[in-house]
Amino acid sequence: MHKKSGSRRFAAGWSSSVTIALGMAILATKPAWAQKGADWTSKLEPRTRAMQVCSLGALNAFGKDKNLRPRPDRVRVNAGSDPKIDGSLVSGAGGAVRSGGKWYAFTFKCTLNDTGTKTARFTYDLGKEIPKGQWERLGLWE
């Protein structure tokens, strides 16, 4: 078990859940929702917004994790089970992150900002690689 202080934590173990996939193709120009100042989340219902915002926070946090190389390109915060939302805190026991064509399990806590449009803090416990035989059941792909 690895432990890291600060906003990122690592630990062995995982549980399954279904997750939201994120990822954009690299474009010559930014899409409208990604432009500075654009509030692309305002049109989402609150639960979907919380999940999307936490997924982006997760992708950012995992991108800084030196244990995941190459840099992760997909995150699902609800692979196998729905995260719990309690006010500005979103937590889940069945996230999945893809790095180098492999998926890894994680549990997490995501604190949203006052408006619910950004991640104020994202902590996680990174688990084991998810066997390919479980990908379909968890909504994962290559």
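Values below: every heavy atom of this structure, side chains too, minus hydrogens, waters and symmetry copies.
Listed by chain and number, the residues in a side-chain hydrogen bond (donor to acceptor under 3.5 Å, both in side chains) with Lys132 are Glu142 (sequence neighbours excluded). Among residues two or more places apart in sequence or in another chain, the side-chain hydrogen bond (donor to acceptor under 3.5 Å, both in side chains) test is passed with Arg49 by none. Residues passing the side chain to side chain contact (heavy atoms under 4.5 Å, CB included) test with Leu112 are Ala50, Val53, Cys54, Ser88, Val90, Cys110, sequence neighbours excluded. Listed by chain and number, the residues in a side-chain hydrogen bond (donor to acceptor under 3.5 Å, both in side chains) with Thr115 are Asn113, Thr117 (sequence neighbours excluded). Residues meeting the side-chain hydrogen bond (donor to acceptor under 3.5 Å, both in side chains) test with Glu136, sequence neighbours left out: none. By the salt bridge (charged side-chain N to carboxylate O under 4.0 Å, His left out) test, Lys84 is found to be paired with no residue, residues two or more places apart in sequence or in another chain being considered.
For the pair Ser99 (side chain) and Arg71 (backbone), a donor-acceptor distance under 3.5 Å is absent. Distance alone, capped at 3.5 Å, places no donor-acceptor pair between the Trp103 side chain and the Arg74 backbone.
In this structure, OG1 on Thr119 lies 7.0 Å from CG on Leu56, to the nearest 0.5 angstrom. Distance NZ/Lys102 to CH2/Trp135: 9.5 Å, rounded to 0.5 Å. Separation of atoms OG1 (Thr111) and CG (Leu89) is listed at 5.0 Å; rounding is to 0.5 Å. For the atom pair CG of Asp86 and OG of Ser91, the computed distance is 8.0 Å after rounding to the nearest 0.5 Å. The NZ atom of Lys64 lies 11.0 Å from the CG atom of Leu59; values are rounded to the nearest 0.5 Å.
Looking only at atom types and distance, the side chain of Ser55 has no donor-acceptor partner in the side chain of Gln52 under 3.5 Å away.
Across Phe106 and Leu126, no two heavy atoms sit closer than the pair CB-CA, 4.2 Å. Of all non-hydrogen atoms in Asn67 and Asp65, the two that sit nearest each other are N-OD1, 2.7 Å. Lys66 and Arg69 get closest at one heavy-atom pair: O-CG, 3.7 Å.
When side chains are defined from C-beta on, Ile130 counts as touching Leu140, because their heavy atoms get closer than 4.5 Å. For the pair Phe108 and Pro83, the minimum side-chain heavy-atom distance is below 4.5 Å. Side-chain atoms of Leu68 and Tyr104, non-hydrogen and from C-beta on, do get closer than 4.5 Å to each other.
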